[in-house]
Amino acid sequence: MYVYLNGKVMPKNQVTLSIDDRGFTFGEGIYEVVRVYGGKKFLLHEHMERLRRSAVEMDITLPEYFSSSHVEEAIDSLIEKNGLEESYLYLQVTRGVQFRSHVYPENMEPTIVMYLIGAKDWSLERQGVPAAIEQDIRWQRSDVKSTMLMPGTLLKSRAAREGCFEVILERDGIITEGTSNNVFCVKDNVLITPPLSNFILPGITREFVLRLAKQLGISVDERPIHVSELSEMQEVFITATGSEIIPLSRIGEYKFDAPGKLTAKIISAFDDAIKDLRET
Ligand SMILES: Cc1ncc(COP(=O)(O)O)c(C=O)c1O
């Protein structure tokens, strides 16, 4: 297995990381996940833009060598060396190495890691999966793609033990997102999704689905969704780079068509877009 560390692609067993890395001591890290289809990087530019924004928001200065062309070459090299044309590229950046202290100096050199994981087949989940609903106990900067994922890992692990695929989060009765995906509802042929705010991640797949919906002539309403409104929703689905579009059969006690008609239409348009990407 080959991975990337601070500018170089190398065998994984040659990687050493310091226990003084602030990603380890303080959980100070940001990340991206990019889907690779047939060796092609899907929406890489959008993911890099979001990473750069996360870095600015978290006061992490990305090094000069970390240009878009450098990243692209490194990913291509990882795909080739690992023979993983169907995969997820994980790109993680921590603030860097410093002996434990809350206060960090201004000129820190971030630690940057990239690695590939083979893609999973989601055809079973595309038939519909159950989700739980829980209070959103995350911080108030969920718009930043941070590696500090403990609220989500706790909630999702507990729900998984009870047979749920995902946990939909709510803050003061308003739905924010899933622990690792954005949420869409369908009511009377209108696609409804929570508006962007500091409480939700601006998902790259969310944006792509909104674009597809507009192309398909589907009415879209970006507005807050109250939990009690779930009883009026006919379809619900979640979106993420890894799992793409997954219909929910229920959230807690609220049940939905899975996959519903409009969801199936959007999934089909998504699949067509990926087919085009593979063929270009
Ligand atoms: C909390 C959260 N929301 C939404 C998403 C979906 O984002 P994207 O479509 O960019 O993968 C993710 C992805 O990991 C996530 O962790």
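Ligands are counted one by one from 1 in listed order, and the atoms in each one are counted from 1 as well. Every value quoted in this text rests on a predicted model; they were computed, and no experiment measured them.
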Looking only at protein heavy atoms, which one is nearest to [atom], and what is the separation?
{"atom": "atom 7 (O) of ligand 1", "result": "Gly203 CA, 3.5 Å"}
{"atom": "atom 9 (O) of ligand 1", "result": "Thr205 OG1, 2.6 Å"}
{"atom": "atom 14 (O) of ligand 1", "result": "Lys145 NZ, 2.8 Å"}
{"atom": "atom 3 (N) of ligand 1", "result": "Glu177 OE1, 2.7 Å"}
{"atom": "atom 16 (O) of ligand 1", "result": "Ser180 CA, 3.4 Å"}

Cation-pi, [Y] ring and [X] (6.0 angstrom, 45 degrees):
{"X": "Arg95", "Y": "Tyr104", "result": "yes"}
{"X": "Arg22", "Y": "Phe24", "result": "no"}
{"X": "Lys120", "Y": "Tyr88", "result": "no"}

Under a 4.0 Å threshold between the charged nitrogen and the carboxylate oxygen, would [Y] count as salt-bridged to [X]?
{"X": "Glu32", "Y": "Lys145", "value": "no"}
{"X": "Arg126", "Y": "Asp271", "value": "yes"}
{"X": "Asp276", "Y": "Arg278", "value": "no"}

With heavy atoms under 4.0 Å as the rule, classify the contact between [X] and ligand 1 as side chain, backbone, both or neither.
{"X": "Leu201", "value": "side chain"}
{"X": "Leu149", "value": "neither"}
{"X": "Glu32", "value": "neither"}

- request: Could you list which atoms of ligand 1 come closer than 4.0 Å to a heavy atom of Thr179?
  value: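 Those atoms are 1 (C), 16 (O).
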- prompt: Do any heavy atoms of Val33 fall under 4.0 Å from ligand 1?
  reply: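 For ligand 1, residue contact (heavy atoms, under 4.0 Å) with Val33 is absent.
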